[in-house]
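Notes follow the structure.
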Amino acid sequence: MKTLRAAVPLMLFWLVLTASVRIADVVMGAILSLLLGWWAANTLWRDTETPTLSVRQTWRFCLYIPWLIKEIVVAAVGVAEKVLDPAMPVDPCVIVHRSPLTRSVSRVAFANSITLTPGTLTVDLEDGTFTVHCLAPDFAAGIENGDMERRIHRVFEE
Amino acid sequence: MSTLDAILNTVAALLCIVGAFFFFVGTVGVLRLPDFYSRTHAATKCDTVGAGSVLLGLALLQGFDPATLKLLLLAVLVLISSPTAGHALARAVFRGGLEPWTRPGHRTGGGVS
Amino acid sequence: MRAFFWGLGIFMLANAFLCLLRAYLGPTVADRILAVNIVGTKTLVVLVLLSYIFGRSLYLDVALVYGLLNFLVTIVAARFMETGRLRGELT
């Protein structure tokens with residue numbers, strides 16, 4: 001089962017790379033991805049369980065992406081303003097944020113989202129405690145108000 | 001048909017210019033900001049947006065083609081890998097004990113716990 | 001359109017060289033690794049631009065592998081900085 005779950009994305013990746021549907025290519029890809037998937041399942045992820053997403057969660061994740069991209073663009077503009085300003089009004093600070101998220105998938109998603117949004121960078125992550133470096137104190141408000149956290153919660157933990 | 005092409009070309013060129021602008025901001029940020037953590041901010045965010053924007057522009061230009069899929073795959077790769085790499089580096093440095101730079105005189109926000 | 005992309009590529013390379021300046025100056029090792037990572041991302045974009053200019057999708061595969069290796073190098077370097085070794089459990 002694990003082998004298959006690793007092999008299917010590998011096969012898709014192979015199809016994108018070769019961009020051909022000739023029998024020989026597809027058979028070669030299938031053999032290679034099964035071998036690699038078997039190796040990954042038995043060597044890399046032997047003791048770890050792979051995260052599972054239900055269909056609904058996957059759908060919600062797809063809805064979450066556009067929102068995240070919008071946030072990222074806003075973030076980049078914010079950072080650009082600060083950097084290009086001759087006076088460079090940065091005032092870095094470190095905040096510690098405790099999060100109720102329990103699954104590791106959602107924690108990873110939250111940490112990555114923090115890093116990608118306005119002037120905030122996840123520095124350390126341990127058991128739901130996020131250490132976040134902020135470029136300016138007003139950026140910290142975006143995390144403390146918990147909007148993103150609620151969205152992540154809705155995507156992965158409902 | 002040609003007007004559609006013209007619009008497509010213009011949009012793609014605009015996306016590329018926006019991407020170049022963000023790359024430039026990233027470079028300036030990396031050179032100007034005072035410490036490692038702030039430089040990581042500039043590096044991860046601006047490079048992600050810059051690369052994503054340029055790749056999207058080129059994907060628009062390519063039209064429907066296997067190459068477009070590869071371009072989108074590259075965009076997703078940058079989108080996932082850039083913040084992860086930044087976070088890994090920042091964590092290594094943080095656990096190594098590098099204190100973040102703060103504006104001299106006043107310390108805002110909570111300290112390191 | 002081609003001239004535009006040549007210009008864009010050259011601009012990107014100029015940016016990459018400026019980032020190398022940070023790799024040269026960088027007070028800490030992490031600064032240097034970060035700078036190399038950024039140069040890698042810029043190189044990836046330049047490779048994609050070249051693939052469009054020359055009309056050969058082979059460069060896209062090169063760019064893909066370059067991006068993956070770039071990510072891997074940064075992660076491995078960060079891990080080595082954190083633990084001082086490459087094998088065995090993290091923490």
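Here is the naming used below: chain letters follow the sequence lines, and residue numbers restart at 1 for every chain.
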- Message: Which heavy atom of I75(C) sits nearest to which heavy atom of A85(B), and what is that distance?
- Response: CD1-CA, 4.3 Å
- Task: Please report the closest heavy-atom contact between M81(C) and V93(B), naming both atoms and the distance.
- Result: CE-CG2, 3.7 Å
- So what's closer than 4.5 Å to chain C heavy atoms on V54(B): side chain, backbone, both or neither? side chain
- Item | Any T74(C) side-chain heavy atom under 4.5 Å of L89(B) side chain | yes
- Compare all side-chain heavy atoms of L77(B) with those of F71(C) and state whether any distance is below 4.5 angstrom. no
- Task: Please tell me if the side chains of L61(B) and F5(C) come closer than 4.5 Å, counting only heavy atoms from C-beta onward.
- Result: yes
- To the nearest 0.5 angstrom, please state how far the CG atom of D47(B) sits from the CD1 atom of I38(C). 5.5 Å
- Go through the atoms of L31(B) and report whether side chain, backbone, both or neither lie under 4.5 Å from a heavy atom of chain C. both
- Please state whether the side chain, the backbone, both or neither of A13(B) comes within less than 4.5 Å of a heavy atom of chain C. both
- Note on the structure: Under 4.5 Å to a heavy atom of chain B? For L68(C) that would be both
- Proximity breakdown for D31(C) and chain B, heavy-atom pairs closer than 4.5 Å: both
- With side chains defined as the heavy atoms from C-beta onward, is the minimum distance between L73(B) and L64(C) less than 4.5 Å? yes
- Query: Distance from K42(C) atom NZ to F23(B) atom CZ, nearest 0.5 Å?
  - Reply: 5.5 Å
- Message: Return the CZ to CZ distance between F11(C) and F24(B), rounded to the nearest 0.5 Å.
- Response: 6.0 Å
- Item | Atom pair CZ (F36(B)) and CD1 (I33(C)), whose distance is rounded to the nearest 0.5 Å | 8.0 Å
- Query: What part of L8(C) lies closer than 4.5 angstrom to a heavy atom of chain B: side chain, backbone, both or neither?
  - Reply: side chain
- Task: Look at G50(B), C16(B), A51(B) and state which one has the largest set of heavy-atom pairs under 4.5 Å with chain C.
- Result: C16(B)
- Query: Could you give the distance from CD (Q62(B)) to CG (L60(C)), rounded to the nearest 0.5 Å?
  - Reply: 7.0 Å
- Query: So does F4(C) have more than 12 non-hydrogen atoms from other groups sitting under 6.0 Å from CZ?
  - Reply: yes
- Side chain, backbone, both or neither: which part of L58(B) has a heavy atom under 4.5 Å from chain C? side chain
- Task: Compare all side-chain heavy atoms of D61(C) with those of K70(B) and state whether any distance is below 4.5 angstrom.
- Result: yes
